[in-house]
Amino acid sequence: MPIASVLGHREIATRLLAELRIRPSHAYLFAGPRGVGKAIVATSLVHAMMCERSPGENFCCTTAHCPVRLAPQTERTRARAGDSDAPRCECCSACVQIATGVHPDFTYISRPAGRSEVLIDQVRELIARLGIRPSRSPVRMAIIDDAEALGDPAQNALLKTLEEPPGHAIIIMVTSSERALLDTVRSRMRTVRFPALQAADLEAILAAHGVTDRARASALALLARGSAANAVALADGDEPPMKELLDALSHAKSIDFARAQSLAQEFFANRDAAAGNFELLARLLEEVLCYKLLKTDFVAFPPEARSKLVSLADSLEVDAIAKCIDAAVRATEAVVQNANPRMQAENWWTIAGHAMRGE
Ligand SMILES: [Zn+2]
Ligand SMILES: [Zn+2]
């Protein structure tokens, strides 16, 4: 994505690009909440630095549906760039190589699907590649996404590179949990903090995603808690198990430990699912609280969800809702910092049951 069209963090992106071109730090840590676009900015910077036709803020390809320019995520770009039915694209070969993960001077690593950590072998290969002089660009760049999933051995392996980086190397680590990184690693990087996105930016992202009804866009923007990823998932209706969690919430008053265990097993078995679902619970309950206190309507929800939310609001005390929200926010943080997701979930449903019964 061109920096000129990065929504929400344009100022940060422009400032960083100017810095990278004149006097780059060798290692950056992009920190901030999940789904606010840190990795998009990182990838945009790589394009801006390595594009061979129009390096800088704008993008070399202006074709209406350029898969490289428009796709926010590397994985998705990879899929679409290989699609023979894709509209003609005029990207320079360096930008295509960056997007498809084969540029000789750019390495992108992240936690492999289904794994809880970035693998040490991925890190070793990245370190080895950073040591080689760049062959196409003036610099060699690496993005380490999901950096909170670097185990201690992987972080220690990176220390030397961070301490004495090759002059041509620029590393960008992207994380939603700075505290999961060792102090020794963190202190060797320049930290750039990304705030949650403003509602206006989320509305613009939703509009670009095809949400044309403004009332719905602003309702979704509020629900998304500053995250573009949440906003888009909500708009697509494939927000993870909203219906099931809402059902479980409706019966949480009578929950026992066995039921808490089975919910934990079903929806909170791994870190990603658990973090997402705790966030979802917090969002649903915040909506319930707003409805109860302010009589705001549930514009963003389908009718069957709406009626469940209304009956939750009617049957629960403000205090109980607030307790549940607070516990869900704390559980999300704990899970992101590697606490056992299932235990956090068992604990949360137990707390919710007590709170809802007024105990
Ligand atoms: Zn280009
Ligand atoms: Zn293109």
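The figures that follow rest on heavy atoms only: side chains count, while hydrogens, waters and symmetry mates do not. Start at 1 and go down the list; that is how both ligands and their atoms are numbered.
- No single ILVMFWY cluster, assembled from side-chain heavy atoms under 4.5 Å apart, contains both I171 and M141.
- Ordered by chain and number, C61 SG, C66 SG, C89 SG, C91 SG make up the set of protein N, O or S atoms under 2.8 Å of the Zn ion (ligand 2).
- With sequence neighbours excluded, the residues satisfying side-chain contact (heavy atoms from CB on, under 4.5 Å) with L293 are L289, V318.
- We find that R259 and D256 are not joined by a salt bridge, their nearest charged nitrogen and carboxylate oxygen being 4.0 Å or further apart.
- One finds a salt bridge joining D297 and R306 here, because a Lys/Arg side-chain nitrogen approaches an Asp/Glu carboxylate oxygen to under 4.0 Å.
- Not a single N/O/S atom of H47, whether from backbone or side chain, sits less than 2.8 Å from the Zn ion (ligand 1).
- The pair D121-R124 meets the salt-bridge criterion, since a charged nitrogen lies less than 4.0 angstrom from a carboxylate oxygen.
- Salt bridge absent: R34 and E148 never bring a charged side-chain N and a carboxylate O closer than 4.0 Å.
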